[in-house]
Number of protein chains: 2
Amino acid sequence: MTDGQKLLIGEAARRADLNPKTIRFYEEIGLIAPTGRTTSGYRLFDEEGVSRLAFIRKAQALGFTLAEIREILALRDVGSMPCDHVEVKINQKVGSIEERIAELEQLKASLTTLLERWKEAEAASAAVCPQIEGA
Amino acid sequence: MTDGQKLLIGEAARRADLNPKTIRFYEEIGLIAPTGRTTSGYRLFDEEGVSRLAFIRKAQALGFTLAEIREILALRDVGSMPCDHVEVKINQKVGSIEERIAELEQLKASLTTLLERWKEAEAASAAVCPQIEGA
DNA sequence: CTTGACCTTCCAGTTTACTGGAAGGTGTAT
DNA sequence: ATACACCTTCCAGTAAACTGGAAGGTCAAG
């Protein structure tokens with residue numbers, strides 16, 4: 001069954017840190033292309049497929065929806081001709097990513113400021129920890 | 001009905017760029033505290049409430065789940081004593097935000113690289129835009 | 001030649017985060 | 001007084017992204 005260096009769905013799932021069910025689901029919605037099968041119908045994945053899956057996983061963790069990820073992948077998939085349309089799209093994506101980074105920086109700053117303000121208050125009056133709702 | 005400078009749900013929704021329904025939903029799941037009512041039962045919101053709502057809106061756009069936002073708000077809500085527990089939590093949040101920023105930078109870099117690679121290819125061979133699947 | 005860990009499809013259920021609609025009360029404007 | 005845009009609760013439905021389970025085929029090992 002060793003079909004070159006292709007992986008079955010379980011191994012692909014392990015490498016991309018996804019559930020096999022999720023991979024089938026991604027295929028169903030066309031996020032990943034049908035990848036080839038063994039004669040007995042088992043899906044086969046190569047390194048490219050696994051890295052695509054891993055990319056999806058990672059982008060998701062960054063808060064992108066599958067629809068957004070689909071768009072980004074589509075950009076990556078446009079062979080080799082960038083034409084203006086694609087260039088504009090990529091620049092838009094980059095722009096929105098930059099915005100996102102800026103807002104995360106802001107959020108980070110607000111948390112750090114919060115902590116600093118507290119630390120000052122603490123320095124002024126030593127006190128005990130009040131109740132904390134279960135995190 | 002002008003109850004000081006309090007707003008009805010519709011106006012609060014407009015200012016926080018949310019649907020009134022969504023605000024009621026947030027109250028239902030305890031993301032925002034019950035905010036006071038008119039004698040006739042209309043919810044009232046002050047600037048603090050609106051900014052909390054706007055914060056939720058923004059954090060969501062950054063890809064945080066309501067569960068994560070709940071945690072962040074809880075940190076903000078811990079009156080004035082930071083105690084180690086809360087400090088650790090804030091530092092964890094800041095850490096995960098930094099990670100997220102780093103990964104976004106990476107994603108941005110990979111898109112920029114993609115574009116550059118294309119531009120080089122384009123320079124080498126002038127060509128027409130091939131088909132593009134509907135974005 | 002059977003056990004066990006894979007794989008397949010299909011279909012239904014879950015979680016998260018809303019969103020819509022009905023039925024009815026409120027408040028100001030004409 | 002009646003229209004109109006608000007507001008209320010309650011309950012049901014939706015979309016996105018899985019996730020579980022049944023029923024059954026496949027393959028290497030013992």
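What's counted below: heavy atoms across the whole structure, side chains too, no hydrogens, waters or symmetry copies. In what follows, chains are A, B, ... by sequence order, proteins preceding strands, each numbered from 1.
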Residue whose nearest DNA chain C nucleotide is more 5′ - B/Gln60 or B/Thr39: B/Gln60

side-chain contact (heavy atoms from CB on, under 4.5 Å) partner of A/Phe25, chosen from A/Leu31, A/Asn19, A/Leu66: A/Leu66

For the pair made of [atom1] in [X] and [atom2] in [N], what is the distance, rounded to whole Å?
X: A/Asn19; N: C/dT14; atom1: CG; atom2: P; value: 17 Å
X: B/Ile23; N: C/dG20; atom1: CD1; atom2: C1'; value: 17 Å
X: A/Ile32; N: D/dA17; atom1: CD1; atom2: P; value: 15 Å
X: A/Arg24; N: C/dC11; atom1: CZ; atom2: P; value: 16 Å
X: B/Leu8; N: D/dT8; atom1: CG; atom2: C1'; value: 12 Å
X: A/Leu66; N: C/dT16; atom1: CG; atom2: C1'; value: 14 Å
X: A/Phe64; N: D/dA17; atom1: CZ; atom2: C1'; value: 17 Å
X: A/Phe25; N: C/dC10; atom1: CZ; atom2: P; value: 16 Å

Sugar-phosphate only, base, or nothing, as touched by A/Ile9 at under 4.0 Å among non-hydrogen atoms: sugar-phosphate

Sugar-phosphate only, base, or nothing, as touched by A/Arg43 at under 4.0 Å among non-hydrogen atoms: sugar-phosphate

Position toward the 5' end of DNA chain D (nearest nucleotide), A/Ile56 or B/Arg14: B/Arg14

Ring-face cation contact, A/Phe64 with A/Arg100, 6.0 Å cut, 45° max: yes

Under-4.0 Å salt bridge between [X] and [Y]:
X: B/Glu11; Y: B/Arg43; result: no
X: A/Lys58; Y: B/Glu99; result: no
X: B/Glu98; Y: A/Lys108; result: yes

Looking at [X], does any N or O in its side chain come under 4.0 Å of the phosphate oxygens OP1/OP2 on [N]?
X: B/Arg37; N: C/dT26; answer: no
X: A/Thr22; N: D/dA17; answer: no
X: B/Ser40; N: C/dG27; answer: yes

hbond_proxy B/Tyr42 side chain to C/dG27 base (donor-acceptor, 3.5 Å cutoff): no

